[in-house]
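Down below is the structure, laid out as structure tokens.
The sequence lines fix the lettering, A, B, ..., with proteins before strands; numbering per chain opens at 1.
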Number of protein chains: 2
Amino acid sequence: MPAIPKPTISRLCKIYSLLEELEDKGQLKLSSNEIGRRLGVGSHNIRKDLTYLGETGTTGSGYEIKKLKDQIAESLGFTRKRKACIVGLGKMGTAILSNEMFFSKNFDIIAGFDTNINRLETLKIDIPLYPTYDIPVVVKREKIELALLTLPGETAQNIAEKLIEGGIKGIVNFSPVVLSSPDDKVYITNIDIIDEFRFLSALFTLEKKEADNAG
Amino acid sequence: MPAIPKPTISRLCKIYSLLEELEDKGQLKLSSNEIGRRLGVGSHNIRKDLTYLGETGTTGSGYEIKKLKDQIAESLGFTRKRKACIVGLGKMGTAILSNEMFFSKNFDIIAGFDTNINRLETLKIDIPLYPTYDIPVVVKREKIELALLTLPGETAQNIAEKLIEGGIKGIVNFSPVVLSSPDDKVYITNIDIIDEFRFLSALFTLEKKEADNAG
DNA sequence: CATTAATAGTGAAATAATTCACAATGTCAT
DNA sequence: ATGACATTGTGAATTATTTCACTATTAATG
Ligand SMILES: NC(=O)c1ccc[n+]([C@@H]2O[C@H](COP(=O)([O-])OP(=O)(O)OC[C@H]3O[C@@H](n4cnc5c(N)ncnc54)[C@H](O)[C@@H]3O)[C@@H](O)[C@H]2O)c1
Ligand SMILES: NC(=O)c1ccc[n+]([C@@H]2O[C@H](COP(=O)([O-])OP(=O)(O)OC[C@H]3O[C@@H](n4cnc5c(N)ncnc54)[C@H](O)[C@@H]3O)[C@@H](O)[C@H]2O)c1
């Protein structure tokens, strides 16, 4: 069986979210057309993506939500909850943590880290909080697989190295620097709202230029 | 001249961020190799990306940071600040707004919207705040081009339609639903931390499966 | 039961993006 | 000046991804 292309993996994750949402609403089935419309992607593309899971749908009638969800979970490893941690409990970090979403789905944030000990004592969050120097040992001991970084950019690279030392497998970096993996075994994604704003404005600027040239 | 591929646009945005960072630090030049290393991408790829800007570097000595930054700005439309707004001023929204970053670079958040009027009065942020029903008229009047959505998922599609009615050009959606553009003229990107966690865990799960099969 | 309307699955074709290899050009130290 | 070294730019080759066109299957209807 061929490896699943990354764009396909990314879409499968979004499809999974969508299925969760629709299942909550009580819907039982849906078509590749509906998935495509919701994701802003052609239905061909969706069907092709789903072939990587093996046989999934029923010709003529679409996909059964529960079954499809299980198949994606099976293929992508969502069958058990994964342990995660958060580093940097400032305004962003606590805002994110306050969202129950992170404790109900496929992940459990089971530890927080911050350099500011005072902050740690005054927070009212029911996960254990540790100082930053404990990162390698706690990550290793608790078998934490994922980390979310909501801390100042200057400190991100250094913290990433501590996490990697502890054996972390994936990092979502929210601090405003591009973090790259010093080690091929650790996957990193960078989220940056300003970058997204730039990307969008580049898209509509370029579209306009093209239109101007054509006219 | 051929259209710039989307992956290239995305990388150019990141390169732009990097150049800003290095310029602040006083660095004057850098090579495609250094850019590639920082972004976790091959230097070939970086050089190819930069060819879409026309002649940019100096053979043998690399790229001049200030010049390259200006060329990217020129090509992608970063030559003037763009107006943006934020919808949903709860914990996430205010945490993001508190970051001076959004007022110093290529964007200006000049308006906020929320349904909860009480919240509006108690916030201490020096941008004008409006109730949600004002979205179309304010967006149109102020010529706001970009919006950031930090509100409950159920409300996102409805708010997106109001923004589009006002003539918005791009939306960054932070609420936990996949928002798709009803209209091809409006660009949307969805940011979802849970999805990123899923993507990362899929990557290392699949890698492990492959290794198991090989061994 | 036959007919019609949806819809999945898929190999092949087309398109898009990345990687490669290397010539050409510049820098720098001596 | 010269030689050694570093680095860009790019057409070609490769690889990856998307799109297409069509068949087969099922559901629903009268
Ligand atoms: N990527 C984005 O789109 C985006 C958007 C908004 C904010 N941000 C970034 O998110 C980060 C956090 O923002 P915030 O508003 O919560 O800031 P904040 O100052 O409220 O919080 C930062 C927290 O990090 C802690 N910290 C500092 N150094 C640390 C270290 N070495 N190790 C661990 N913890 C450390 C501080 O004690 C504090 O609790 C900032 O870097 C900000 O620029 C990014
Ligand atoms: N995408 C992600 O990765 C991610 C991460 C964390 C939180 N979130 C989401 O971000 C959103 C905001 O989180 P929060 O912690 O700030 O929640 P919050 O409850 O503190 O804030 C929500 C705000 O939205 C306002 N609001 C409600 N309905 C509205 C409407 N129709 N129009 C305008 N404003 C409206 C509320 O008055 C409130 O001020 C939530 O949907 C949460 O799930 C997303």
Lys/Arg-Asp/Glu bridge criterion (N-O < 4.0 Å) met for A:D70, A:K67: no
Whole-Å distance separating the CZ atom of B:R47 from the P atom of D:dT8: 6 Å
Length of the line joining B:K6:NZ and C:dT18:C1', which is rounded to integer Å: 18 Å
Sugar-phosphate only, base, or nothing, as touched by A:T56 at under 4.0 Å among non-hydrogen atoms: sugar-phosphate
Residues B:R38, B:E21: salt bridge by 4.0 Å N-O rule: yes
For atom CG of A:N45 and atom P of C:dT15, their distance in whole Å: 16 Å
Closest-nucleotide ordering on DNA chain D, the 5'-leading residue of A:K48 and A:T59: A:K48
Sugar-phosphate, base or nothing in reach of B:G42, heavy atoms under 4.0 Å: nothing
NZ/NE/NH1/NH2 to OD/OE distance under 4.0 Å, A:K208 and B:E145: no
Polar side chain donor-acceptor pair, A:D195 to B:S17, under 3.5 angstrom: yes
Between C:dA6 (P) and A:I35 (CD1): distance, integer Å: 19 Å
A:T58 side-chain N/O to D:dT26 phosphate OP1/OP2 under 4.0 Å: no
Spacing of B:Y52 atom OH relative to D:dG11 atom P, expressed in whole Å: 12 Å
Euclidean distance, atom NE2 of residue B:H44 to atom P of D:dA13 [Å, nearest integer]: 16 Å
Length of the CZ-C1' vector between A:R11 and D:dT17, whole Å: 8 Å
Interatomic distance, B:L12 CG vs C:dA17 C1' [rounded to whole Å]: 14 Å
Residue whose closest nucleotide on DNA chain C lies nearer the 5' end, B:T8 versus B:G60: B:T8
